[in-house]
Amino acid sequence: MLAGSAAADESPLVFSMLPGNPVNSIAAPLIVEIYQRAGISVVPTAVPPLRETRMLEEGALDGIVGKFENFELAHPEVVRIPVPLETIQIAAFVTDQTPDLPSLLQRDNLRLGALRGIDYQLQLSGLRQWVFVNEPGQLMHMLVRGRVDAAISVDISGLRLARELPQAPIRMLEPELRELRVYHYLHRKHADLVPKITAVMQAMYDQGYLQALHAQFRRGTDAAVTSSPRPAE
């Protein structure tokens, strides 16, 4: 049974999120808390991006926990809550001695890894070979195994995964490729909830709650990951 509107159906709203994303550890409880403050029950559920698109088109999802800005331009079935959840950077991660991003992008036949179905809104010139996987963990393991020259990832996700692979010299190159805001999206069938959820999120933002939560998560990505190549042995 498809989830109905909050007014007509007391069953929890179902929101999708990216499988295996380290940020889910704060995003899922956060979205639950936001809706609890509005008196609404929700269930965050891991759904791969391509399946997510189909489910949105079919009306089988009530919304998305978080997506990059401009997602609604390609998906008219959703409406954006205008308070940003977070501002993130899209970055390149490597395991070799590449000193910085310009040096990486100068390479010929560059092999880049990325998540399937995610639009990073990048404009990269030159010949690029893209290799796609379904989850962030798979992306970093592919990088470590040498299947790609660099992995393209959200900074906080990539840094957290790099910490979980301390035996691998994973580094984030500077500068970042792009900065994007992340927003919560509702299916248009729940457009009547937009003012209420916007008010809740704006209050949490004004109180500094959203910023503090993400700052705490970012502090967990700092150790063991540098932006400089390791000395040659």
Side-chain angles (χ1 to χ4, degrees), residues 3 5-6 10-49 51-53 55-56 60-72 75 78-91 115 117-120 135-137 153-164 179-222:
S5 69
E10 295 182 357
S11 61
L13 302 183
V14 178
F15 294 144
S16 59
M17 58 186 181
L18 179 67
N21 186 0
V23 183
N24 291 347
S25 64
I26 59 169
L30 173 60
I31 208 70
V32 169
E33 179 176 354
I34 289 170
Y35 278 80
Q36 280 179 342
R37 294 190 183 196
I40 301 170
S41 297
V42 301
V43 178
T45 304
V47 180
R51 187 188 306 167
E52 175 184 79
T53 296
M55 292 179 71
L56 284 172
L61 285 173
D62 298 298
I64 304 175
V65 171
K67 280 287 188 181
F68 299 146
E69 60 187 86
N70 301 321
F71 180 77
E72 71 276 15
H75 301 272
V78 301
V79 57
R80 183 175 76 182
I81 301 299
V83 182
L85 286 168
E86 171 69 304
T87 299
I88 55 86
Q89 284 75 44
I90 306 301
L115 294 176
I118 301 294
D119 181 8
Y120 296 103
E135 297 188 14
S153 173
V154 170
D155 58 342
I156 53 177
S157 175
L159 289 171
R160 177 57 66 95
L161 289 167
R163 281 197 66 193
E164 297 174 2
E179 182 175 271
L180 291 169
R181 288 185 174 183
V182 178
Y183 290 92
H184 171 50
Y185 288 88
L186 276 169
H187 195 280
R188 284 197 173 275
K189 63 187 177 183
H190 297 302
D192 59 313
L193 293 178
V194 171
K196 178 183 289 189
I197 302 305
T198 298
V200 171
M201 291 184 62
Q202 188 64 56
M204 296 173 76
Y205 185 88
D206 292 343
Q207 295 163 1
Y209 185 88
L210 298 181
Q211 301 91 315
L213 188 65
H214 286 281
Q216 181 180 5
F217 184 86
R218 282 185 177 275
R219 285 195 293 272
T221 68
D222 290 342

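FYI, the numbering just counts along the sequence from 1.
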L161 to G137 - nearest heavy-atom pair and separation: CD1-N, 3.9 Å
Interatomic spacing from OG in S16 to NE2 in H187 - rounded to 0.5 Å: 11.0 Å
Partners meeting salt bridge (charged side-chain N to carboxylate O under 4.0 Å, His left out) with E135 (sequence neighbours left out): none
Donor-acceptor contacts under 3.5 Å from residues 18-32 side chains, at least two apart:
residue, atom, partner, partner atom, Å
N21, OD1, V23, N, 3.2
N24, ND2, L18, O, 2.7
N24, ND2, N21, O, 3.4
S25, OG, P22, O, 2.9

CG-NE2 distance between L13 and H190, expressed to the nearest 0.5 angstrom: 5.0 Å
Reported CG-to-CD1 distance for the pair D62 and I40, which is rounded to 0.5 angstrom: 10.5 Å
For residues 193-206, which side-chain donor-acceptor pairs fall under 3.5 Å, sequence neighbours excluded?
residue, atom, partner, partner atom, Å
T198, OG1, V194, O, 2.7
Q202, NE2, D206, OD1, 2.9

Geometric class of the Y183/Y185 ring pair [parallel <30°, tilted 30-60°, perpendicular >60°]: perpendicular
Spacing of CD1 belonging to I88 relative to CZ belonging to F68, to within rounding of 0.5 Å: 4.5 Å
Partner residues of F15 under the ring pair (Phe, Tyr, Trp, His ring centres under 6.0 Å) criterion, sequence neighbours left out: Y35, H184
Nearest-0.5 Å distance that lies between atom CD in E179 and atom CD1 in I90: 10.0 Å
Residue that, paired with K67, satisfies salt bridge (charged side-chain N to carboxylate O under 4.0 Å, His left out) out of E52, E86, E72: E52
With E69 via salt bridge (charged side-chain N to carboxylate O under 4.0 Å, His left out) - residues at least two apart: none
Partners meeting salt bridge (charged side-chain N to carboxylate O under 4.0 Å, His left out) with R37 (sequence neighbours left out): E33
Close side-chain approach of L180 and Y120, heavy atoms under 4.5 Å: no
From L61 atom CG to T45 atom OG1, the distance as rounded to the nearest 0.5 Å: 8.0 Å
Heavy-atom closest contact (L210 atom, P84 atom, distance): CD1-O, 4.0 Å
Shortest non-hydrogen separation from P49 to G117 and the atoms involved: CB-O, 3.7 Å
